[in-house]
Amino acid sequence: MRLIKNILFIFLASALFHGCIDHYFPGDLKYEQMLFIEARITDEPGIVPYVSFKHTSSLSGNNPWEEPVLGTSGATIYIENSQGERWYFTEQGGIWPLPMSGYLYHLTDPDFAIQVGESYMLYIETQDGHIFESQYEKYLPSPPVEEITYTYDTWETDETGEATDGYRFYISTRAEGEDPLYLRWSLDATYSYMVPYIAEYYWTGSALIDSTNDGLRLCYMDENIKGIYTGTSEGMAINRVTNAPLHGVSRFGDRLQIEYSLHVKQIRMSPSAYRFWNELRSLLYETGGLYETVPFRIAGNISCVSHDDISVAGLFEVAGISETRIFVPSPGDFRVVTDRCVPDTIAAFEWNTLPAGSWIMGEPPVFVTAEARCFDCTEKGGYTQVPPFWEK
Amino acid sequence: MESIAQEEPVISGKYNDIPFTDFAYDLKSRYGISIYFRPGWVEGINVTFSGDSINLTSLLEEILTPHDIHFVYRGDGQYFLTGMVSITDDFIVESIDLEDQPGKPEQDDIIGQFSYEKTIKRVRVGSPENIETGNALLSGRITSATSGEPVPGATIIMEGTNRGEISDGDGFYAIQLQAGEIYNLTISCMGMEKESYILELNSTGTLNIEMQEQLIDLREVVVKSGRHDNVRGIQMGFQRIDIKEIKTIPVVMGERDILKVAQLMPGVQNVGEGSSGFNVRGSGSDQNLFLINEVPVLNTGHLFGFFSAFNPDMISDFTLFKNNFPVEYGGRLASIFEISTRKGNKKKFGARGGISPVTASILAETPIVNDKSSFVFAGRSTYSDWILGRLNAPELRSSNGSFYDLMSSVHIIPSESSSIQIFGYYSNDWFRLAGTDRYIYENLGFSLVYDRKLNDRWTMSSAADFSRYSNQHASTENPFTAWQHRFTVDHRELKTSVTGYQWTDHTITAGAGVISYYLNQGTYEPYGSESILAPLLLGREQGIEMSLFGADEYAITDRLTLYGGLRVNLYKYLGPNNIYTYSPSLPKAPEHITDTTTYGSLETIENRGGPDFRISANYTFSPTTSVKASFNRMRQYLFMLSNTIAISPTDRWKLADPHIEPPLADQVSLGLYKNIPRRALEMSAELYYKKTRNQVEYRDGADLILNPLFETAVVQGEQDGWGAEILLKRNAGRLTGWMSYTYSRSLVMVNGDYPWEKINDGKVFPANHDKPHSFNFVGTLRISRRFSMSGNFVYSTGRPVTYPTGLFNVSGETGIIYSDRNEYRIPDYFRADLSLNIEGNLLKEKFAHGSWMISVYNITGRRNAYSVYFKNENGHIRGYKLSIYGTPIFTVSYNFKLGNYAVN
C-alpha cells in the first residue's frame, strides 16, 4: 500500500504546473525621446514653485545624443488662478546636473502666496509656438498624519519569489473638511545601529596602540525610501485614509537593530495628479501576472494644446504638505539578524602581519580580529553624530 | 467472382505496377466505375496490364484471385470486394414491391452477413407504379442500434452525385433527389459501422436508419463524420469535431478539453497558455457565442482559465462556425461554438468516468422508457487546491481554488416525428488569487428543445432557454478598504424555426427569436467589519433583441448551390435607468456630466438594429473539388469590457447603450476545397477579410473597479482583419490528424475627433491577439489495436506587447515611458506534446472497459513567454518573462466505462 502511495505521489508531483519567472530583457528595445514636464507649487516652506523640462533617457543608460524634441529656453510660463490672476516663472541658469539653459524655471514673484481652496492652471508657450496647458488644479492643505502603525509581516522582495519578513508600515489620515483626500507619501528613514566588537588595540601599520572603538560603535544611517505610496478617501464612508500600506523593513540587516525612525512627508494633491501617481505606480510595481493589463503611455495632466504631434507627458502638482516622524524600537517579538561578523584568531606574534588599520581584541597569547566594519560603524556608511531630530 | 446478370464493363488502358487503390480510383475517375473494398484486403496488390476493351470482371478475377480476394458485381458499374468470403446469388434477394405503402421503405440484405459491408441493403421508397415527377424528399432519423441515441453529424452521401447531407443534433436528415432513380446511399459516422443502401426512390418518403457501433476496425479505418461536407456542403469556415476524435490528443494535466482542441484549428488562437476563451480570425474573445444545447455560456473557463467549463464525458460533438453563419444564429461577430451533449442511452444503463491529476468525473445514463426516453447525468470536480499549493509561480502558489460542473439531460422521443430534450447545466468556480482577491463565478442554464417533423417536407425546431452568469469578487488586500461586488447577466431566449423543401431544389429556413437581457451590475459593498468603504450602486440594465430570419438554399444545378439569408434584428435598450449627458468638448468623466435623463421601467431608451445578410455560393467542380464564397454581416449587443490581455474574472459584461454603439462586422470569404478519397485526405484553403465597426477598446489606463460609468473607460474604433487558412486533414489510415497553417492579421484604429478619443494618436495598431503566423500539427499513429501514440506541434508568432522606450525622473522616482500600444511582440511560441494511449482488452463481452493515457505536455520544456513585463526594483527597471508551463508536464490519467471498447 505504501508503495502504491509513493508511486501515486510521484505521478502527481511530476504533473504539477511549473510556471516560472525569468529575468528577460528584449534585445530590440528602441529609445524614443520624449519630453516630460514637471511643475510643482506647494505650501512647503522654503520650496520655490518650479517648472522643469526633462527628456527621457534610454533603458540601457546609453543615451544617444539627440536634439531635444523642442527648444524650451525662453519660454513664457505662468500660472493663473480662477480669478485670472497670473504669476510668471523665470528661467534659471544651467547648473549641474542640468548644465544647459531652458530646463528649469522658478516662480520668484514675492506677491505669490498659495491660497487655500484656490485653483491654478499652468500655461507654457515655447518660443516656437508650442503651447502646453494643464487644467485647473485645486490647492487644499494637507491635514496632519493621524497615525503610522507597523506590524510583523512577510512579503516578496522580487519577482522570482524571494521573500523576507519584518515590519510593514501603514498610515492613516483624516480629512478636516468634506473634500476627499488624494494623498501621496514621500518617505525617508534614519536608523541607529551598533557594531558588535569592542576593540582593545589598533594596528596603525607601524605600531600597536591601546585603543578602544567606543566612539565608533554607534552610528546613524539615512536612507531615501523608493516607491510610490498613495491613498485616497474617495468612495469611503468616512473621509479618512485608513491603513494605507507603506514600505516594509526587513529584519535582516541593521535597520531594526536598535531604533528606526521613519519620516513621512504627506502630499495632498488634486485628483488628476493623484491619477498620474496611481498610474505610474501601476506601471512600475503592478505589472505582470496572469491577468496583466496592457501597459500604456502615461500622459499626466499637462497636454500640448497647439500640436497633436508632440509626444509629451507632464505633471502639474498643486500640493499641500505635512510631515511627521515616528521612532520604532528594536522589536521584541522577532529576532533581528544583523550582518555577520566572523572573528579571526591570530597568534600574538602575528599582529604585525595584519593590514594597517586593523582593530584587535583579546589578550596574549591569542588575539582576535575581524573586518573593520565589525569595529567601526562608519565603515558601513553611517555617521556618529546624533541627528538633531533623534529622540532622547 | 459472382455477379448479378448485368452487362459487365470494359476498360482500356495501360497500368504498370500501380497500387490497387490507385487503380480503383482511376476507374472511378475515368469510367465512373466504383469498386468498394477494405484497404487492408488490397494492401500490397499491384496492377499491371495494358490493352483495349478488357472485360473488367475478368481482369479483377486475374488480379484478385491469387490473393484469395472475392468480389461481386452488382451492376451499374459497382463492384464489391468481399474479402476471403465468396458470395453467391443465393444471398441476393430480389426486392419486394410495397405498392400499398407509399413512402415506407422496404429493406432487404443484398449481400448478407458474409460481406464486410454487412448492412448493404436494398430499399425502395414509394411505389414504382406512382413515381413522382421531379424531385422527391428523402428524410428520416439516424440512431444508434446499441443505445437508441440519435447520431448527429452522420454523412449521407449519394454516390455518383454531388448531393450529400449531414444529420442534425437529433439525427434528422433530409435530402432532395430526382424521383424514379436508383441511388447508392452510404451513411457514415465516426465510431459507427458504415451503412450502405441501394435506394430506389420513387416518391417522397422516410428512411430511418440504425447504425451499428463500431468495435475495432482491423486497420482502424476511421471514417470521419462529415467527410464530404467540406466539399459538397455550403458551409465554409466550419469545423465539426466528434469528441471521439480528440480523445487521444495529448492535453495538459490529462484533461480532455474541447476548447484547447479548437485552438488547434486554423483561424483559432489565444493570447497565451492557460488563458480562457479564444480568438477567431483576429476578433476579440467576447465575440464568440458558446452554446451548449442552446444555453449560452459567458465564462467558459475553470481554474483561472486553465481548463474549459465543459465536461468532455458529456459532450457528443461540437461545431465551430467562423463565417457563413447559418441565419438562425446571431448576436456575436466572430464565431458560433455550438456544443451538443449526449442524449443518453435508451436501451440500457451505462456509466463512465475518469480520474486525472486535476479532476475526477462520472457520467451515468439510463433509459426511462426503453427506446423512448433517457436520462443522463454528468459531474466533475477538482482537487486543485493540493496542486496550487505546490506551484512555482508566486501568484499561483499563494492561491487556492476549486471548481465543479454538473450537467443533466432528459431526452424523449414521443413519436417517430418528434423529440424533446430538457437540459440543465451548472458550473461553479471558486478561487483566491495571491491571497488577497477572492472570486466566485457560476454559469447556470436550462434549455428545452422541441424538434418536430411537421410533414414529409417541413420540420420545426423550437427552443426556450435561460442562462445566468454570476460573478462575485472580493478584494481584501486592505481590510479598511476591502470590498465585495457581485454582478449577474441573465439571458432568456425563445426561438423557433422551420425548415422545408417545398420547391424543387430549394431548402427554406424561416423563423423568429427573442432574447431578453438583464444585467444587474451589482453594488460594491464593504467587506468585513473593518471596511469603511461606502456602498456604490452600479445599477441595472436591460435590453431586448428580436429577430426575424429567413434563408433559401437553392441548388441551381448539381454543381452550383446558392444560399441567401436575411436576419432582421431590432434591439431595444430599456429602462429603468439614468443616462448621463457629457460636455461634448471634454472627455467623458464624472466631472463633465451636464445633464441626466431618467427613464422609467421598460421605457425604450435606444433602438438599434438592422438587417444582417448571409450570402454564399458553392460551385462543385467534381465530387472532390469545390470553390465557395460567402459574405455575412453580424451585430453584437452584449459585449465584454476588459483591460487585460487574457480574459480575467474581473471582466464585465455590458449592453450596448446610448453611449456605446453595438459592434458590427462584415466578413467576406473565399475558399477552395479538395478531397483525395484514396488518400483519405481533405484539403481546404480559405481567404477572408473582416471589417468591424464600433470595436470597443479600453482607454489607456482605464479601470472599471469602483467605476459606475462604463462609458468613461472605453473608446470605439474600427478593426480590420484578414488572413488565409490552409488545412490538410487525414481521416483514415494508421496516421490520422491534421496540419494547418494560418496567416492572420488584426489591426485596430481608434481615431475619434478629440485626443481623448484616440489610441496611439489615431494610428493603426495590432490587436492584443494579432499573431500573424500559426502552424499546428495534430497526429495520431495507431500502433496496434490497443496502443496508439499522438503528438501535437504548435507554433505561432508571439503576440503584440507594449514595451518601455524611455525613462524619466519625477520627484526622485524613476518612471517608464511606454511605446505605442502593442508596438512589439513577445517571443514566438512553440510547443510539442506527446501521448501514449493504452486501451484495455478488446473483448466483446466484458463488464467494463478502461483506458490509460500517459502524456507529456511541452515535451521540450520550452519556457514560452506568457507575458514580458517590467518592474521598478529599488530604482532599477528590470524585465521579466512569465512562463505558465516552464517544464515538461507528465500526466497519467485513467478513464473507464461500462461495457466494451465500442460503447459510445
Review point. Chain B: which of A:P26, A:P245, A:A313 shares the most heavy-atom pairs with it under 4.5 Å?
Key: A:P26
**Study point:** Polar contact flag, side-chain donor to acceptor under 3.5 angstrom, A:S134-A:N301
**Key:** no
Revision key, fill the gap. Closest non-hydrogen atoms of B:N707 and B:D703, given as atom of the first, atom of the second and distance, are ND2-O, 3.4 Å
Review point. Is the B:Y885 ring parallel, tilted or perpendicular to the B:F306 ring (thresholds 30°, 60°)?
Key: perpendicular
Exercise for review: Could you have a look at A:R40, A:M236, A:E317 and say which one has the most heavy-atom pairs with chain B under 4.5 angstrom?
Suggested key: A:M236
Practice item. Side chain from CB out, backbone as N, CA, C, O: work out which of these in B:E477 comes under 4.5 Å of a heavy atom of chain A, or both, or neither. Key: neither
**Study point:** Parallel, tilted or perpendicular: ring planes of A:H55 versus A:Y103, cut at 30 and 60 degrees
**Key:** perpendicular
Review point. Is it true that atom CD of B:E757 has more than 12 heavy atoms of other residues, nucleotides or ligands lying nearer than 6.0 Å?
Key: yes
Practice item. Tell me, out of B:V810, B:T802, B:T644, who's got the most heavy-atom pairs with chain A below 4.5 Å. Key: B:V810
Check your understanding: If you count heavy-atom pairs under 4.5 Å between each of B:E591, B:E823, B:R821, B:R863 and chain A, which one has the most?
Key -> B:R863
Check your understanding: Measuring heavy-atom distances to chain B, does A:Y285 have an atom under 4.5 Å in its side chain, in its backbone, in both, or in neither?
Key -> both
Review point. With only heavy atoms counted, which part of A:E292 is less than 4.5 Å from chain B, the side chain, the backbone, both or neither?
Key: both
Check your understanding: Considering only heavy atoms, which portion of B:E530 lies under 4.5 Å from any heavy atom of chain A: side chain, backbone, both, or neither?
Key -> neither
Check your understanding: Do A:H23 and B:Y880 make the cut of ring centroids closer than 6.0 angstrom?
Key -> yes
Practice item. Side chain from CB out, backbone as N, CA, C, O: work out which of these in A:A244 comes under 4.5 Å of a heavy atom of chain B, or both, or neither. Key: backbone
Study note, to complete from the structure: Bottom line for B:D700: the part with an atom under 4.5 Å from chain A's heavy atoms is both
Review point. Looking only at heavy atoms, what is the nearest atom pair of B:N822 and B:A767, with distance?
Key: ND2-C, 3.7 Å
Review point. How about B:Y803 and B:F870: are their ring centroids closer than 6.0 Å?
Key: yes
Practice item. State, with a plain yes or no, whether a side-chain heavy atom of A:W185 is found less than 4.5 Å away from one of A:V241. Key: yes
**Study point:** Side chain / backbone / both / neither for A:R184 at chain B, heavy atoms under 4.5 Å
**Key:** side chain
**Study point:** Heavy-atom pairs under 4.5 Å with chain B, option from A:E38, A:E234, A:K226 with the top count
**Key:** A:E38
**Study point:** Closest non-hydrogen atom pair, B:S531 against B:A482
**Key:** OG-O, 2.7 Å
Check your understanding: So which part of B:N858 gets closer than 4.5 Å to some heavy atom of chain A, the side chain, the backbone, both or neither?
Key -> neither
Check your understanding: If we ignore angles and hydrogens, is there a donor and acceptor under 3.5 Å between the side chains of A:T173 and A:Q266?
Key -> yes
Check your understanding: Is it the backbone or the side chain of B:N760 that comes under 4.5 Å from a heavy atom of chain A, or both, or neither?
Key -> neither
Review point. Side chain, backbone, both or neither: which part of B:T814 has an atom under 4.5 Å from a heavy atom of chain A?
Key: backbone
Review point. Using non-hydrogen atoms only, which part of A:I238 is less than 4.5 Å away from chain B: side chain, backbone, both, or neither?
Key: both
Check your understanding: If you measure from the Lys or Arg side-chain nitrogens to the Asp or Glu carboxylate oxygens, is any gap between A:E32 and A:R297 under 4.0 Å?
Key -> yes
**Study point:** Pairing of A:E156 and B:K871 as salt bridge, 4.0 angstrom limit
**Key:** no
Point to revise | Residue part contacting chain A, namely of B:L706, when any heavy atom lies under 4.5 Å | key: neither
Practice item. Could you check which of B:G861, B:G701, B:P755 has the highest count of heavy-atom pairs closer than 4.5 Å to chain A? Key: B:G701
Revision key, fill the gap. Turns out that what part of A:L280 lies under 4.5 Å from chain B's heavy atoms comes down to side chain
Check your understanding: For the candidates A:N278, A:L315, A:I228, which exhibits the highest count of non-hydrogen atom pairs separated by less than 4.5 Å from chain B?
Key -> A:I228
Point to revise | Side chain, backbone, both or neither of B:I532 within contact of chain A (heavy atoms, under 4.5 Å) | key: both
